[in-house]
2 protein chains.
Amino acid sequence: MVLNERKKRILQIIIEDYISTAEPVGSRTIARKYDLGLSPATIRNEMSDLELLGFLEQPHTSAGRIPSARAYRFYVDSMIEPGTLTENDQALIDAWYRERIRNIDEIFQSTAKILSRMTKNVSMVLANKQGSRFFRYLKFLPLDGKRAILCLVTDDGVVDNCVIEIPIGMTQEELDYLSSRITNKLQGFNLAGITGDMLRDVYSDLAQDKLLFSSIFEALHNIGSSNSEQKVFLGGTRQLLNQPEFRNVDRIKDLLSILEEEKVLKDILHAGENSGVKITIGSENKFTGIQDCSMVQATYRLNGRVVGTMAVLGPTRMEYGKIISVMDYLHQYLSNIFEEGRK
Amino acid sequence: MVLNERKKRILQIIIEDYISTAEPVGSRTIARKYDLGLSPATIRNEMSDLELLGFLEQPHTSAGRIPSARAYRFYVDSMIEPGTLTENDQALIDAWYRERIRNIDEIFQSTAKILSRMTKNVSMVLANKQGSRFFRYLKFLPLDGKRAILCLVTDDGVVDNCVIEIPIGMTQEELDYLSSRITNKLQGFNLAGITGDMLRDVYSDLAQDKLLFSSIFEALHNIGSSNSEQKVFLGGTRQLLNQPEFRNVDRIKDLLSILEEEKVLKDILHAGENSGVKITIGSENKFTGIQDCSMVQATYRLNGRVVGTMAVLGPTRMEYGKIISVMDYLHQYLSNIFEEGRK
DNA sequence: TGTTAGCACTCCAAGCAGGAGAGTGCTAAC
DNA sequence: GTTAGCACTCTCCTGCTTGGAGTGCTAACA
């Protein structure tokens, strides 16, 4: 069961060659391309052993061999070195983010995009914003006689705004008074947990003004719910087109139809949320429809709480090493951003 | 050149049959499927005439015939009746928008999505926001010792915000003073046209404080440019997968690579901006890469100014009638939204 | 004169055979 | 333990054949 060094080396060559070419690898090819000092025949013997051990598979007798799920597992567990991103790649990521992060959704969306771009596979980012935002203060900015702008700042320093209707003739002073009352009352509360009763308690005038009350409540509710929900961001679905595994349109459609269902994606991502970096290879995956794919997933946390999960999904023949290092780097990057947001 | 009724009828049948089946239509099929009271031989004669006139083409001798670009043009110009959307479809669109319009970008994005969904083709929406926004006022909201939130309100009632760095120890009073000075100076100006010099003129203290000055200027510049730009929203690129014309992955890739280039899309959309509804069939289109496609495009205006353009792109074999009625309906819907936003 | 039946013709698609190429497994020799 | 040699297998490509679908033409019919 334990592989000697030569077998390991050959297995690694087969895996890496197959990852880059997507063609079954034959003994002759190995002898020619890699200087092992071994004849094809010897390599053949070793390959035969590796097949018996379950590391290699033959699509048909006279094709070369391809790595089995088990081989990838072995490769991932004990053959890839940590690896860091090239400076070039790092610079690319840095620049990418620098241009794009204006609000929290953009951070996730950008992460999904750059992740897929760098790994040449489909990426998914689950933003787990539930319960993450606490009321800090709100202000009303003037707009016109009938409407005002409600600006809500949460403790993570993110600002939301929403146009609300106000009673005609309401003055800015009244609005300012109202905002400080509301702020006093709601400060520190989780946005998602703000109820109509809490708002009604602010002061009796507000509760009686149906229009104002409901437009404020609705605004808070909208802001709260739009941000407290979990959201999945998909990136690079068109990368599928470049993978030989997806030469045929029907396979692409099958996979896309799964990716379209947000609920399924959430389930998939939640399943791997507990471990730090999780690699699922082929049928190790329990979800139907992606069992011939592999997935590399990383969860990021802030103060122990799960903030989000990112994953790369693609054919089992994927560049695990590269993907892991890209994710590592993104992980750091995001942590920094969130830490700063917190301050 | 003028077609008699029978020829017209046969041409229409061929076009509509081909649109729905994507298979060349033969004389026998027509005789069997549609009750014309004519034998295949007669129909054949008519088809032969239609081919001579340039309305039909044969992929090869023993296939049926398919409509030429000219046939589609004729069909579009004189055979499709205006047509209204089914109530079902209308309700679908209404519900779709009701759930989704929270900010201006979402309106465009949602339009692209529903448009592609209902027409089963790729959609493009060009949001032409250039020059549309004028400075109304700005406010600074407190955040922490080193940072504040810049809230900018434009005359269309849209609020943007941005976190800026401020000198340590700057008080809210100072910020308020600053904001009113800036507002006085910049009110009414087009966001895109605000220069560093204008801001420097506000008052000398500001010009001297490099940090504050540059962070405010950068914020204004970001907000201005991010919104004054024209933006293209794409919808339903994956609809391509369902079109038999795109069975082969390489064709999809070719088209997608064009759709990825925002500049090209803008050119394409601008080209049809002047007419109300424009239909471009096959090689009528001047842009390389989409010359075997058709495009239906509609431009929407507000007070004479072009606000945006939407288009559906797909194989020449598309349901022109349906597409036009969907667009009509969306057009009305958007007009209403924008009119209201204006008020 | 318009319509239709009949028939030869064309072309594609599918199925099959044969050869080339790639790769394997086995055996015997080093 | 390693390697050369060789027979074997399987896919892929090519060329060939055949059946089906559709056409165009001609002659007969109303």
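Because the structure is a prediction, the values reported are computed rather than measured. All chains are named by letter (A, B, ...) in the order of the sequence lines, taking the proteins before the strands, and each is independently numbered beginning at 1.
- Comparing B/R6 and B/T61 by the nucleotide of DNA chain C that holds the closest heavy atom to each, the one mapping nearer the 5' end is B/R6.
- The side chain of A/T42 sits closest to D/dT3 out of C/dT24, D/dT23, D/dT3.
- Under 4.0 Å is where a charged nitrogen must lie from a carboxylate oxygen, and between A/E284 and A/R73 at least one such pair does.
- Around CD of A/Q239, the count of heavy atoms belonging to other residues, nucleotides or ligands within 6.0 Å exceeds 12.
- Heavy atoms of B/S62 sit under 4.0 angstrom from at least one base atom.
- Distance from the side chain of B/Q58 is smallest for D/dG24 among the nucleotides D/dC10, C/dT4, D/dG24.
- The partner of D/dT26 is C/dA5, by the rule that a Watson-Crick or G-U pair needs both atom distances under 3.5 Å.
- Remark: C1' of D/dG22 and NE2 of B/H60 are 8 Å apart, rounded to the nearest angstrom.
- For the pair A/M47 CE and D/dT3 C1', the computed distance is 17 Å after rounding to whole Å.
- Between B/D49 atom CG and D/dG24 atom P the separation is 10 Å, expressed in whole Å.
- At a threshold of 4.0 Å, the pair A/D17-A/R65 does not count as salt-bridged, since none of the basic side-chain nitrogens sits closer than that to a carboxylate oxygen.
- Nucleotide C/dT4 holds its C1' atom 15 Å from the CG atom of B/L36, rounded to whole Å.
- Rounded to whole Å, atom P of D/dT3 lies 10 Å from atom CG of A/N45.
- When both distances must be under 3.5 Å, the Watson-Crick or G-U wobble mate of D/dG19 is C/dC12.
- B/S123 places a side-chain N or O within donor-acceptor distance of the main-chain N or O of B/A112, the cut-off being under 3.5 Å.
- The separation between B/L56 atom CG and D/dG24 atom C1' is 15 Å, rounded to whole Å.
- Considering only side-chain atoms of B/T29, the nucleotide from D/dG22, D/dG24, C/dT4 that sits closest is D/dG22.
- Judged by distance alone with a 3.5 Å cut-off, a donor-acceptor contact links the side chain of A/R44 to the base of C/dG25.
- Taking the six-membered ring for Trp and thresholds of 30 and 60 degrees, A/Y320 and A/Y72 have ring planes inclined between 30 and 60 degrees apart.
- Across all strands shown, C/dC30 pairs with D/dG1; the Watson-Crick or G-U wobble distances both stay below 3.5 Å.
- With rounding to whole Å, A/L38 atom CG is found 10 Å from D/dT3 atom C1'.
- Whole-Å rounding puts the B/R65 CZ to C/dT10 P distance at 16 Å.
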